[in-house]
Amino acid sequence: MNWKKKLLALGLSLALTLSLTACGQKAAEPEQPEEPAQTEEPAVEAPDGTEADIAHFRIAALKGPTAMGLVKLMKDNDEMTGALLSSAKPYEGEVGNLYTFTLAGSADEVTPALIKGDLDMACVPANLAAVLYGKTNGAVEVLAVNTLGVLYIVENGGTVQSMADLKGQTIVAAGKGSTPEYALRYLLSENGIDPDNDVTIDWKSEHSECVAALASGQATIALLPQPFVTVAQNKIEGLRMALDLTAEWDKLDNGSGLITGVIVARRDVVEANPGAVDSFLQNYAASVEWVNGNTAEAAALVGEYGIVDAAVAEKALPYCNIVCLTGGEMKDKLSGYLKVLSEAEPSSVGGTLPGDDFYYGG
């Protein structure tokens, strides 16, 4: 069997399990548990007779910036899969990995499936990746940073021009006990502001509550992530992005970076498919580059896949800091960020910092 026929067989074997990505639907569970496709399929040979770096990966992403960078890859995968499974004519296009994408509303929906082995990769908050590494005794590793900071101080007014201007102010925010709190407290402290005494942080349970407080006039300053910033600006005339916390973090020049999300993988999947994982990272980087260079078209796909409303996405994308950082650059920025979190609250990274084997290719 030649390499195209083998891949076609792989595509056909996945026909009943591929997710309906556009709707964020999960595939139906098989009646009997099955091993992941990449461990049961025979090696696929490339035209030159060598083993091709091709596999089927099941990937989950969260609805928001951490999924936006994937949309071109999702669309390409849908088109390739559809062509492979079509009986109209033989597929003559370029062949690569096959992906099953699942979209989720929160990390809580994703992590159990990853640990159980029902997922191969997942986009998760950066600190959660470190927690998972500890909980699984190193069975999870990070492949890439996919989103830098998306946190902004917004203001309905002109008081705040620098971090120093936050002293004495009340800031409404959501995310207590998670990255927004740790990032805000760290930046306040590094700018000589005591987060417990020099400012009042009014913690809300959800970002939408912060938007409501701004809209009602109960608050004038808030900490919000994209795309909630754009949603708020659409509702509140004159609301401006006063401070970009990613830029404020970079001003500290401490060798780290403010990071929102990463993509992690199960170590057994990576070790079984190193070439296919590298191919995936190349696919991912190309998708991110396309998204950042084609805002209108990318926003349309973001809307098509139900990640964020297309109109909101088009305005928010330039401020979402979508990246695909791998290798040494990923390790330097992420390890520095996790160290900052660990010093602020050890439990935020699982109690101890991950070992070097946490960073794929680092």
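Grouping the Ile, Leu, Val, Met, Phe, Trp and Tyr side chains by contacts below 4.5 angstrom, directly or via other members, places V229 apart from I153. Hydrophobic clustering, with ILVMFWY side chains joined whenever heavy atoms are under 4.5 angstrom apart, groups L148 together with L338. Hydrophobic cluster membership differs between V270 and I115, with clusters built from Ile, Leu, Val, Met, Phe, Trp and Tyr side chains linked at under 4.5 angstrom. The hydrophobic cluster containing V262 does not contain Y360, counting ILVMFWY residues as joined when their side-chain heavy atoms lie under 4.5 angstrom apart, directly or transitively. A single hydrophobic cluster is not seen to contain both L245 and M241; linkage of ILVMFWY side chains at heavy-atom distances under 4.5 Å, directly or through other members, places them apart.
The shortest side-chain heavy-atom distance between R58 and T102 does not fall under the 4.5 Å cut-off. Contact check for L166 versus L243: side-chain heavy atoms found under the 4.5 Å cut-off. Annotation: side chain of L252 is in contact with side chain of Y186 (closest heavy-atom distance under 4.5 Å). Between R266 and L114, the closest side-chain pair of non-hydrogen atoms falls below 4.5 Å. Under the 4.5 Å side-chain criterion, counting only non-hydrogen atoms from C-beta, V150 is not in contact with Y319. Counting heavy atoms from C-beta outward, F101 and L73 have side chains that approach closer than 4.5 Å. The side-chain heavy atoms of V340 and W249, taken from C-beta on, include a pair separated by under 4.5 Å. In this structure, W290 and L301 have side chains that are in contact, with non-hydrogen atoms separated by less than 4.5 Å.
Scanning all heavy atoms of the two residues, the minimum distance from V211 to F228 falls at CG2-O, 4.3 Å. Scanning all heavy atoms of the two residues, the minimum distance from N273 to A55 falls at OD1-CB, 3.8 Å. Heavy atoms only, all atoms of each residue included: E155 and V160 are closest at OE1-N, 2.9 Å. Between M121 and A265 the shortest heavy-atom distance is CG-CB, 3.8 Å. Taking all atoms of both residues into account, the shortest heavy-atom contact from S348 to Y182 is CB-CE1, 3.3 Å. Shown here for L103 and A67, the closest heavy-atom pair between the two residues is CD2-CB, 4.3 Å.
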_side-chain hydrogen bond (donor to acceptor under 3.5 Å, both in side chains) between D108 and S106, intermediate numbers included_ = CA-CA 5 Å; D108 292 342; S106 71; 4.6 Å; no
*Would you please test H56 and T100 for side chain to side chain contact (heavy atoms under 4.5 Å, CB included) and show each step?*
CA-CA 8 Å; H56 165 227; T100 299; 2.8 Å; yes
*asked:* Between C123 and L70, does the side chain to side chain contact (heavy atoms under 4.5 Å, CB included) criterion hold? Intermediate values first, please.
replied: CA-CA 10 Å; C123 298; L70 280 168; 3.9 Å; yes
_Step-by-step side chain to side chain contact (heavy atoms under 4.5 Å, CB included) determination, Y284 to T326_ = CA-CA 11 Å; Y284 199 172; T326 58; over 6 Å; no
_Pair Y305, K63 - check side chain to side chain contact (heavy atoms under 4.5 Å, CB included), show working._
CA-CA 9 Å; Y305 286 107; K63 292 184 178 181; over 6 Å; no
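With hydrogens and angles disregarded, no donor-acceptor distance shorter than 3.5 Å links the side chain of E141 to the backbone of G138. A donor-acceptor distance shorter than 3.5 angstrom exists from the side chain of D309 to the backbone of A311, with no hydrogens or angles considered. Side-chain N or O atoms of S279 include one that pairs as donor or acceptor with a backbone N or O of G275 at under 3.5 Å. For the pair N321 (side chain) and T147 (backbone), a donor-acceptor distance under 3.5 Å is absent. A donor-acceptor pair is defined here as one N or O able to donate and one able to accept, closer than 3.5 Å; such a pair exists between the side chain of S287 and the backbone of G69. Side chain of R240 to backbone of G157: a donor-acceptor contact under 3.5 angstrom is found.
Here CG of L325 is found 7.5 Å from CD1 of I259. Values are rounded to the nearest 0.5 Å. Here the straight-line distance linking atom NZ of K333 with atom CG of L258 works out to 10.5 Å at 0.5 Å rounding. Distance check, rounded to the nearest 0.5 Å: CD of E109 to CG of L62 gives 8.0 Å. Taken to the nearest 0.5 Å, the CZ atom of F280 stands 9.0 Å off from the CG atom of N97. Between the OG atom of S162 and the CD atom of E248 there is a distance of 7.5 Å, given to the nearest 0.5 Å. In this structure, CG on L341 lies 6.0 Å from OG1 on T179, to the nearest 0.5 angstrom.
Under the side chain to side chain contact (heavy atoms under 4.5 Å, CB included) criterion, R185 pairs with E181, P195, D196, sequence neighbours left out.
Residue E237 places its CD atom among 12 or fewer non-hydrogen atoms of other residues, nucleotides or ligands, all under 6.0 Å distant. Heavy atoms of other residues, nucleotides or ligands lying less than 6.0 angstrom from CD of E209 number more than 12.
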Would you tabulate the side-chain donor-acceptor contacts of residues 214-226 under 3.5 Å, counting partners in other chains and residues two or more places apart, or write 'none'?
unit_1: S216; atom_1: OG; unit_2: A212; atom_2: O; d: 3.2
unit_1: S216; atom_1: OG; unit_2: A213; atom_2: O; d: 3.1
unit_1: S216; atom_1: OG; unit_2: Q218; atom_2: N; d: 3.4
unit_1: Q226; atom_1: OE1; unit_2: T230; atom_2: N; d: 3.4
unit_1: Q226; atom_1: OE1; unit_2: T230; atom_2: OG1; d: 2.9

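Checking N234 against K315 by side-chain atom types alone, a donor-acceptor pair falls below 3.5 Å. Checked by atom type, the side-chain pair N127/Y337 shows no donor-acceptor distance below 3.5 Å.
The aromatic rings of Y133 and F358 lie perpendicular to each other, with more than 60° between the two planes, well past the 30° mark.
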